[in-house]
Amino acid sequence: MKYSIFSLFLLYGFLVSESHEDKIQSIYGMQSFAINCNVDKSRYEYLNDLANDPSFDFIKIPSLSTCQSNVTMDVLVPAQVVKMFKKELRKRNISFDVCSEDISNEIHARKRRDIDVSRRIQRLPSVFFENYRSYQEMKEYCKVTIPNLNPAAKYVKIGTSLERRTIFGVKFTTDENARRPMILLDAGIHAREWISHMTALYIISQLAKLENRHIYDEIDIVIIPNLNPDGYEYSRQKPENRLWRKNRSSAVKKCRGVDLNRNFDTHWTSGIGSSDDPCAQTYKGKKAFSEPESRALSDFMKENKDRIKIYVTVHSYGNYFMYPWLYMFGAHWNYKLMDCIAHEAHDALHKVRGTTYKIGPSGKTLHVVSAASVDYAAEKMGIDIAYVLELPAGPPEHKFHPKTSEIRLVGRETFAAFKTLAPYALKKGPCVDGTSKHLPKSSKKKT
């Protein structure tokens, strides 16, 4: 195993928790960096090599072709290597900003504010989105509250996590016996991306309104709001766990957890954008589908392979609306249609409060990674319209935690985008009939 000078420093035990099963880096004194990646190839490769080093948590790694003056690599750096890290960047003339001098301060502050909010509100539908919710609250909301609001909403079990939590969803259908075209949306595959869970739940809440029944009159919609319940609950247990990304797999004793979005059976062996190191944030597991959570999603896709026409996986953060491929720089054969639909959805989203997203194939738009769910959906399941949605970030000092006041706002604009997808499950809509302004001129309908 290859270690950098930073990893060797950590191996002496200064930084990693003493727990044999939970070797996690301390948040105390950890700094958040935004690094200018608009550099030459050699300096970019230096940064990219560091991304494979378990000493660091590289959150956003744009590919060299997408690195521009306003695009950054975002990384969390443990306290014991901060000074050395800054020195190495300056030596290579790589510019950077420190977004947080100690991320633990912001995590604790947000925890206190969230507790204060919880004390002021009750668990009623009208106030559900005023705070981030626990797994049990999400489950109760989907199993009891939503079906009571709308009989077309059905609580469904997708699978079971490693720690025996139910992976659940809500299915919206007006004909339980028909095998109609389906839209599948999931969220929360990465534990720390809390806004993704709440956004999926907000979409559920809006679909449950009777005035929105027309959206699924001819199709079925399934929303899975928490694909990684074990990791999510672990990230909520105490502030020190807030940045946990993986599931809670204990197959490797040295370090726990597998990155579920590097565990799908699509170019898994290539290892692009993933790691063989169990301590890395992007550890891909011992084999494809080694984890019950990724298998649960795959099994659901297989059961409905002939029905799922659109797949969306919701992540955080970065304001990206991306489609396959993730494992390479090239685009999926259906990219023209996916690009047009994404722009139509973005128009609707932008109208809500002016938020903008970058649209394109993931490899060219952000980064190249293998064994992700969206590539599996497109390549192995034959789903020809598939997207990764990276939601807006929180404040610079804690980008994984948008303020609770943002939950509804992010949900509202994302639902506006989601609504525009429904006709395309039936092969309808302006991008199909040739009337969209986002189609190439040669594809537009002549009048």
Side-chain angles (χ1 to χ4, degrees), residues 4 6-7 9-10 14-17 24-39 43-44 46-62 67-90 92 94-114 132 190-196 231 235-236 238-246 259 279-282 315-320 366-367 390-404 406 410:
S4 73
F6 301 103
S7 287
F9 189 80
L10 296 183
F14 293 114
L15 188 66
V16 181
S17 165
I24 57 175
Q25 294 172 351
S26 171
I27 62 171
Y28 298 99
M30 178 180 282
Q31 295 190 0
S32 174
F33 283 71
I35 302 170
N36 174 24
C37 64
N38 189 19
V39 293
R43 286 182 290 175
Y44 176 85
Y46 166 76
L47 293 171
N48 203 43
D49 286 344
L50 287 182
N52 296 318
D53 188 325
S55 314
F56 305 101
D57 184 356
F58 272 78
I59 299 162
K60 191 173 73 169
I61 314 170
C67 278
Q68 300 160 0
S69 57
N70 61 341
V71 176
T72 61
M73 279 190 181
D74 293 354
V75 58
L76 301 175
V77 181
Q80 273 77 358
V81 294
V82 161
K83 188 174 181 180
M84 193 187 308
F85 184 64
K86 290 178 179 177
K87 182 180 178 181
E88 291 297 315
L89 292 182
R90 289 178 178 130
R92 289 167 172 80
I94 299 173
S95 61
F96 61 89
D97 291 316
V98 177
C99 302
S100 173
E101 294 284 350
D102 187 343
I103 199 167
S104 68
N105 293 334
E106 183 60 23
I107 289 175
H108 279 287
R110 287 296 173 93
K111 181 73 172 176
R112 289 191 294 270
R113 286 196 289 269
D114 290 352
Y132 292 100
H190 289 146
R192 62 192 179 187
E193 298 171 9
W194 292 6
I195 191 64
S196 71
S235 75
R236 289 175 53 85
K238 55 185 179 179
E240 289 79 4
N241 300 355
R242 177 61 185 86
L243 297 173
W244 187 261
R245 169 186 170 98
K246 302 182 284 184
D259 183 344
C279 296
Q281 291 280 16
T282 56
H315 290 250
S316 158
Y317 57 87
N319 294 60
Y320 292 99
L366 181 57
H367 55 203
E390 292 278 1
L391 300 176
E397 61 271 16
H398 190 0
K399 294 182 180 180
F400 282 118
H401 202 106
K403 295 177 182 178
T404 52
E406 285 286 301
V410 173

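Between Lys87 and Val82, every side-chain heavy-atom pair lies at or beyond the 4.5 Å cut-off. The shortest distance between side-chain heavy atoms of Ile59 and Val75 does not fall below 4.5 Å. A heavy-atom distance below 4.5 Å is not found between the side chains of His401 and Ile107. When side chains are defined from C-beta on, His367 does not count as touching Tyr320, because their heavy atoms never get closer than 4.5 Å. At a threshold of 4.5 Å between non-hydrogen side-chain atoms, the residues His398 and Leu243 count as touching. A heavy-atom distance below 4.5 Å is found between the side chains of Tyr132 and Thr404.
For the pair Leu391 and Ser196, the tightest heavy-atom approach, listed with the atom from each and the gap, is CD1-CA, 3.8 Å. Looking at every heavy atom in both residues, Leu89 comes nearest to Tyr46 through CD2-CE2, 4.4 Å. Between Ser26 and Met30, the shortest heavy-atom contact is O-CE, 3.4 Å. Counting all heavy atoms, side chain and backbone alike, Ser32 lies closest to Pro396 at OG-O, 4.1 Å. When every heavy atom of Ile94 is checked against every heavy atom of Arg43, the shortest pair comes out as CG1-CD, 3.9 Å. Across all their heavy atoms, Pro402 and Pro392 have their closest contact at CG-O, 4.1 Å.
In this structure Phe33 satisfies the ring-ring contact (aromatic ring centres under 6.0 Å, His included) test together with Phe85, Phe96, sequence neighbours excluded. Here Ser104 pairs with Ile27, Tyr28, Asp102, His108 under the side-chain contact (heavy atoms from CB on, under 4.5 Å) rule; sequence neighbours left out. Contacts of Asp97 classified as side-chain contact (heavy atoms from CB on, under 4.5 Å), with partners at least two apart in sequence or in another chain: none. Applying the side-chain contact (heavy atoms from CB on, under 4.5 Å) test to Pro395 and every residue at least two apart in sequence or in another chain returns Arg110, Glu397, Lys403. For Arg242, the salt bridge (Lys or Arg N to Asp or Glu O under 4.0 Å) test picks out no residue, with sequence neighbours left out. In terms of the side chain to side chain donor-acceptor pair (under 3.5 Å) criterion, residue partners of His190 (sequence neighbours excluded) are, by chain and number, Glu193, Arg245, Asp259.
Here the CD-CG distance, from Gln281 to Leu76, works out to 8.5 Å after rounding to the nearest 0.5 Å. Distance NZ/Lys399 to CD1/Ile195: 16.0 Å, rounded to 0.5 Å. Note that CG of Asp74 is 8.5 Å distant from CZ of Phe400, once rounded to the nearest 0.5 Å. The CE atom of Met84 sits 9.5 Å away from the OG atom of Ser55 when rounded to the nearest 0.5 Å. The distance from atom SG of Cys37 to atom CG of Leu47, rounded to the nearest 0.5 Å, is 8.0 Å.
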Please lay out, stage by stage, how Val39 and Met73 fare under the test side-chain contact (heavy atoms from CB on, under 4.5 Å).
CA-CA 11 Å; Val39 293; Met73 279 190 181; over 6 Å; no
Can you list the steps and then say if Thr72 with Asn36 is a side-chain contact (heavy atoms from CB on, under 4.5 Å)?
CA-CA 5 Å; Thr72 61; Asn36 174 24; 5.6 Å; no
Working note: Asn48 + Phe58, criterion side-chain contact (heavy atoms from CB on, under 4.5 Å); need CA distance, chi angles, decisive distance, verdict.
CA-CA 9 Å; Asn48 203 43; Phe58 272 78; over 6 Å; no
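With no hydrogens or angles considered, no side-chain donor-acceptor pair links Trp194 and Ser316 at under 3.5 Å.
Of the possible donor and acceptor atoms, one in the side chain of Trp244 sits under 3.5 Å from a partner among the backbone N and O of Lys246. The closest donor-acceptor contact from the side chain of Glu390 to the backbone of Tyr317 lies under 3.5 Å.
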